[in-house]
Amino acid sequence: MLPDIVSSLRGSFAPGTHSELRAQRSLSRRLTLLGGNLVRNARTDSQGVSARVYRDGVYGFASAAEASPQSAREALAAASGNARFLADRVNPGKGPLPAIAEGSLPRQEDFSDIPQKQYLDFITPLDEYIKGKYPDLKSRTVVAYADSMEKQLLTSDGYAAHTLAPRSYVYVFLNSETASGMPVEIFKSFGGSGSFDTRFMDPSILYGEVDRLYEHLMRKREGVYANAGLATCILSGELSGILAHEAVGHTVEADLVLGGSVAGPMLNQTVASPLVSMTDFAHTAFGEEAPLPVFVDDEGVLAEDAELIRNGRLEGYMLSRETGRHFSMKPRGNARAFAFNDEPLIRMRNTAISPGPHKLEEMIASVEDGYYLLYTNNGQADTTGEFMFGVSMGYEIKNGELGKAIFDTTISGVAFQMLKTVDMVSDKLIWTSSGFCGKKQPMPVGCGGPDLRCQVMIGGK
Amino acid sequence: MSRIRQTAELALIALRDLGADSAGVQAQTGKKSEFTIEGGRFTLLRTTMDNSLSLQAIRDHRRGSVSGNSFEEEAVYSAARDCVASAEAAQPDPAWEMAADGRGTFRDGAPEADIVKLFDRTRELMDSVHQEYPRIILEQVIAAHANREGIYLNSHGVEYETLSGQYEVTLMFSGHEGDKSSSFNYSGLVTDSLDKPFLELGSVRQNLSDAERQIHTEPMQGKFEGTVIFTPDCLGSMLSELLDNYAADRVLLDGTSQWKDRLGEQVADRRVTLSMKPLDPRVVCGERYTAEGFLSEDYDVIRDGVLRQFMLSNYAANRTGKKRAPNGSGSMVMAPGTQMLSQMIAATKQGLLVSRYSGGAAGTNGEFSGVAKNSFLIKNGKIGPAVSETMISGNLAGMLSRVAGISRETVEDGMTSLPWLAVEGITISGK
């Protein structure tokens with residue numbers, strides 16, 4: 001854990017100017033077993049201090065790799081100089097930021113940073129289980145990954161905090177090939193917030209998951225290409241979660257709204273079916289802790305939920321303090337920085353579409369000719385809301401029943417059009433949190449959703 | 001340099017003292033100064049100072065690696081202990097080894113920043129875009145100078161000293177008219193000189209101009225097999241995906257590469273020569289040595305359509321019995337063709353000009369399908385309207401075998417040099 005670096009420096013802030021000081025330590029650990037061989041065995045540890053100063057409509061930022069009160073003071077002076085350099089040249093004339101609530105959060109508990117051997121002791125038997133039970137696989141990869149962010153935050157007018165956010169995952173990749181020799185693969189991640197030793201105590205907890213993954217892969221070996229074109233699809237919670245994040249979430253980040261996103265003129269308008277509601281949760285969702293809880297952001301704003309869509313109507317944006325002033329809306333703690341030398345950007349936290357009234361079984365039974373799309377391997381969208389997701393596992397639906405598996409494909413559409421076609425929403429929510437959102441800086445985020453029945457473009461032959 | 005050298009030497013001694021048979025250390029310091037423009041206005045000047053320290057140790061054929069950013073003596077010892085402990089926890093694998101020789105001192109690009117001129121060039125870019133492309137909204141522009149000074153040492157006597165600096169510019173933008181807008185597009189470039197306006201570098205002007213013409217789109221109807229002309233920006237991302245799936249460490253280590261037994265064979269049209277050239281003068285501050293400590297040299301992956309070299313690290317080369325790639329960079333250079341782009345378009349009966357591809361990660365079978373973004377219809381040899389909600393699908397390796405043309409023109413963005421590439425037999429589908 002970092003020693004206290006910033007709390008004694010409140011007196012260093014220039015009066016009347018919004019200033020932030022942050023000391024941060026980021027750890028990551030990654031081990032990769034490819035075919036039983038340890039091809040990656042890495043630990044990273046990065047720490048430092050940064051300061052950001054707001055002056056009349058522009059920010060100055062500076063950072064240093066040394067985590068000490070002295071380097072924090074120097075960063076503050078350099079950030080003030082940068083703000084002055086820019087303000088003098090562009091004369092923004094915007095005045096100070098509106099006041100926010102002030103306070104201090106209690107320090108969060110430390111976590112155990114276990115040695116590399118403990119990670120290996122978990123994934124080696126898991127890899128041996130796969131090798132022993134499924135010798136016909138073409139190849140297999142098992143990865144142990146853990147990261148954490150520890151932040152000490154002090155702001156001139158907001159919340160102070162000392163937070164720790166560890167998360168841990170195991171990734172399993174299985175490869176086989178079709179009768180004609182075409183490679184097919186499948187991948188799934190397991191895990192969430194917390195340290196690796198508390199998440200993963202016994203490898204046997206994943207054996208059942210691996211068995212299910214293998215079954216899907218065997219079905220995929222006998223797969224068919226999807227028929228390209230517009231199709232009735234049921235998106236699993238994993239896909240609807242990434243839809244919530246990529247295709248809707250990014251368009252309602254206020255900085256992208258200012259950059260011309262499609263959501264700009266859509267506020268308070270119908271953008272989805274009445275069955276669709278969506279929220280960016282801060283730390284608690286549906287009565288439980290969210291996958292990656294955030295209690296305060298890096299501008300010192302106490303984190304609250306940001307309601308985005310209610311019963312199909314666009315209700316709001318995700319904001320920083322400055323964009324909150326622009327739109328006359330309350331910032332709710334979305335301004336987050338990845339590394340000690342990164343400035344806060346508007347980022348999602350735990351973004352999810354709310355569950356609905358339907359059962360998955362009745363949804364599948366309702367589709368005469370379509371697809372049930374289970375897993376995704378990536379997704380992108382742009383500020384028009386046009387999205388694309390890679391689908392790495394899915395099945396045909398024929399006459400209300402699951403049919404053959406399909407090979408890797410892609411779905412695409414325009415979010416605010418496609419969401420209006422949603423006519424069934426399942427009662428089961430699935431969260432994922434193992435990846436990074438990319439937006440200048442990476443950022444851990446959670447996203448979730450229920451199964452959705454909708455019309456969407458699917459790629460294929 | 002003295003503190004960087006002291007840190008590297010301290011770490012190397014610590015690793016040896018802790019029992020490493022082979023050890024490698026890279027220590028670097030860097031400074032970045034960066035302007036951010038959001039929504040068309042300057043919002044931030046950011047200055048970051050950082051260190052990096054990367055340690056690798058091999059003990060009894062077991063390897064560990066650790067990286068951090070503290071040069072404090074106790075932190076260096078702690079990193080060395082962590083590194084050797086990681087190695088001790090690993091399985092033995094004789095494929096791990098470090099370079100046995102290599103020395104060099106390299107000074108590249110523009111190590112000293114001219115911040116005032118960088119600001120002026122950035123403001124000039126904003127003003128020029130505003131005047132010449134009034135329907136463009138600059139969602140974000142990042143204009144930065146980054147420099148880095150470093151040293152690499154290993155226990156076999158390999159030593160490299162580097163000092164480099166470059167200007168980096170990225171733009172994200174879209175065209176707008178009333179409530180209509182184009183898809184966002186982006187341009188990125190690296191340069192060691194501020195002599196020319198940013199608008200005249202790389203693909204910036206072309207992409208801005210295209211974005212204005214992509215505000216009004218028409219959805220594609222139906223499905224057909226046609227020719228796709230990939231712009232150099234889009235070609236770069238397609239080739240990266242192709243090489244990851246056919247020629248890189250992972251797919252050769254796990255045996256899923258469909259090219260694994262095809263070295264020396266024709267895998268592409270004879271007009272295709274694709275190289276990795278970090279030493280090419282068109283590449284700014286290219287790689288000078290690999291992560292494993294080998295001196296970097298240019299090489300051809302494919303020459304005249306024949307697969308010449310996989311992109312293998314030394315470790316993967318040892319494990320697969322194949323030859324190590326002479327560099328580990330992504331500095332792609334594709335040899336230009338003989339046709340003008342206009343001739344390639346005129347020769348296309350039905351297809352698309354694709355500036356950006358947004359697709360799922362292709363599997364190891366190379367099958368891809370995704371959305372053709374920022375793209376124009378081509379019909380009977382003429383550029384037609386911009387299209388929306390249009391998907392393309394095909395096979396990555398198949399692309400290089402079904403080449404309809406390679407342009408004489410190329411785009412240099414400081415990182416790569418690539419032409420326009422026309423590919424036949426791509427499935428194009430709309431609503």
Side-chain angles (χ1 to χ4, degrees), chain A residues 34-35 37-39 41-48 58-65 78 82 85-86 89-90 115-117 120 138-139 175 182-185 228-230 255-256 258-260 262 265 341 343 377-378 380 382-384 386 388-391 407-410 412 457 459-461, chain B residues 38-39 41-51 63-70 79 82 85-86 89-91 93 119 137 139-140 142 172 174 176 179 181 183-184 223 250 253-256 258 315 319 358-365 367 369-371 373 388-389 391 393 427 429 431:
Chain A
L34 195 160
N37 297 301
L38 186 67
V39 298
N41 178 21
R43 295 170 74 87
T44 69
D45 180 345
S46 169
Q47 56 185 289
V58 295
Y59 281 104
F61 180 98
S63 70
N82 282 347
F85 177 99
L86 206 49
R89 281 165 175 77
V90 300
Q116 216 74 345
K117 185 173 182 306
L120 197 61
K138 185 84 178 163
S139 76
N175 290 65
M182 184 178 81
V184 288
E185 61 196 338
L230 192 66
D255 50 344
L256 300 190
L258 288 172
V262 67
N341 54 2
E343 76 280 19
N377 53 9
N378 73 336
Q380 299 163 11
D382 70 21
T383 48
T384 62
E386 189 171 5
M388 175 294 306
F389 306 136
V391 176
F407 295 133
D408 290 353
T409 187
T410 301
S412 66
M457 286 279 289
K461 295 283 185 183
Chain B
E38 287 182 318
R41 66 178 192 88
F42 280 94
T43 56
L44 174 71
L45 170 56
R46 168 175 172 252
T47 308
T48 64
M49 317 275 274
D50 200 4
N51 304 326
R63 178 184 178 270
S65 69
V66 162
S67 64
N69 70 341
S70 176
D82 257 9
S86 287
Q91 309 146 321
D93 187 339
F119 175 83
I137 291 181
E139 185 179 310
Q140 187 180 68
I142 307 284
M172 285 179 64
S174 48
H176 293 258
D179 61 353
S181 71
S183 287
F184 88 89
K223 181 164 71 172
R250 177 181 62 88
L253 283 170
D254 70 12
T256 55
Q258 293 186 76
Y315 168 77
R319 278 207 69 85
S358 175
T364 44
N365 56 27
E367 297 290 328
S369 70
V371 184
K373 311 281 278 187
S388 61
E389 297 186 69
M391 298 189 82
S393 55
T427 301
S429 56
K431 277 193 166 173

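The structure displayed is predicted, hence computed values, not measured ones. Convention: sequence-line order gives letters A, B, ...; per-chain numbering from 1.
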Exercise. With respect to chain B, which residue among A:A78, A:A64, A:S139 yields the maximal number of heavy-atom pairs within a distance under 4.5 Å?
Worked result: A:S139
Problem set entry | B:E389, part contacting chain A, at a heavy-atom distance under 4.5 Å | both
For this session: Measure distances from A:N377 to the heavy atoms of chain B and classify the residue's part below 4.5 Å as side chain, backbone, both or neither.
Result: side chain
For this session: Please examine the side chains of A:R89 and B:F119, heavy atoms only from C-beta on, and report whether any two atoms are closer than 4.5 Å.
Result: yes
Problem set entry | Segment of B:A85 engaging chain A (4.5 angstrom heavy-atom cut-off) | neither
For this session: Mind ranking B:Q140, B:R41, B:Q258 by heavy-atom pairs under 4.5 Å with chain A and telling me who comes out on top?
Result: B:R41
Exercise. Which of the residues B:N51, B:V371, B:D179, B:D93 is involved in the greatest number of heavy-atom pairs with chain A at under 4.5 angstrom?
Worked result: B:V371
Exercise. So which of A:M457, A:R43, A:Q116 has the biggest tally of heavy-atom pairs under 4.5 Å with chain B?
Worked result: A:R43
Exercise. So how far is it from A:D382 CG to B:S174 OG, rounded to the nearest 0.5 Å?
Worked result: 8.0 Å
Exercise. With only heavy atoms counted, which part of B:Y315 is less than 4.5 Å from chain A, the side chain, the backbone, both or neither?
Worked result: side chain
Exercise. Okay, side chain of A:N41, backbone of B:S86: is any donor-acceptor separation there less than 3.5 Å?
Worked result: yes
For this session: Identify which of B:G68, B:A79, B:S358, B:S181 forms the greatest number of heavy-atom pairs closer than 4.5 Å to chain A.
Result: B:S358
Seminar exercise, completed: Heavy-atom closest pair (A:L86 atom, B:T43 atom, distance to 0.1 Å) is CD2-C, 4.0 Å
Problem set entry | B:T47 side chain reached by A:F85 side chain, heavy atoms, under 4.5 Å | no
For this session: Side chain from CB out, backbone as N, CA, C, O: work out which of these in A:D255 comes under 4.5 Å of a heavy atom of chain B, or both, or neither.
Result: side chain
Problem set entry | Shortest non-hydrogen contact from B:H176 toward A:G259 | NE2-O, 4.1 Å
For this session: Could you verify whether a donor N or O on one side chain and an acceptor N or O on the other, from A:N175 and B:T256, lie under 3.5 Å apart?
Result: no
Problem set entry | Gap between atom CD of B:E367 and atom CE of A:M182 - 0.5 Å precision | 6.0 Å
Exercise. Of the backbone (N, CA, C, O) and the side chain (C-beta and beyond), which part of A:E386 lies under 4.5 Å from a heavy atom of chain B, both, or neither?
Worked result: both
Problem set entry | Interface residue of largest heavy-atom contact number with chain B, from A:V391, A:L230, A:V184, A:V39, under 4.5 Å | A:V39
Problem set entry | Side-chain donor or acceptor of A:N378 paired with backbone N/O of B:G359 under 3.5 Å | yes
Exercise. Do you know which of A:T383, A:D408, A:V262 has the most heavy-atom pairs under 4.5 Å to chain B?
Worked result: A:T383
For this session: Heavy-atom distances under 4.5 Å only: say whether B:R250 touches chain A with side chain, backbone, both or neither.
Result: both
Exercise. Taking everything shown except B:M172 itself, do over 12 heavy atoms lie less than 6.0 Å from its CE?
Worked result: yes
Seminar exercise, completed: Closest non-hydrogen contact found for B:R46 with A:N82 is C-ND2, 4.2 Å
Problem set entry | Under 3.5 Å: donor-acceptor pair, side chain of B:N69, backbone of A:Q47 | yes
Exercise. So, for A:G260 and B:I137, which heavy atoms are closest and what is the spacing to 0.1 Å?
Worked result: CA-CD1, 4.3 Å
Exercise. Relative to chain A, which of B:G39, B:S67, B:G370, B:S70 shows the most heavy atom pairs under 4.5 Å?
Worked result: B:S67
Problem set entry | Top of B:G255, B:S388, B:S183 for chain A proximity - count of heavy-atom pairs under 4.5 angstrom | B:S183
Seminar exercise, completed: If you tally heavy-atom pairs under 4.5 Å between each of A:G48, A:P115, A:G35, A:G60 and chain B, the highest tally belongs to A:G60
Seminar exercise, completed: Closest heavy-atom pair, B:N365 versus A:P183, reported as atoms and distance to 0.1 Å, is ND2-O, 3.2 Å
Problem set entry | Side chains of B:E139 and A:L256 in contact at under 4.5 Å (non-hydrogen atoms) | yes
Problem set entry | Sidechain-backbone polar pair: B:S369 side chain, A:T409 backbone, donor-acceptor under 3.5 Å | no
Problem set entry | Minimum-distance pair of heavy atoms, taken over all atoms of B:F42 and A:V58 | O-CG1, 3.6 Å
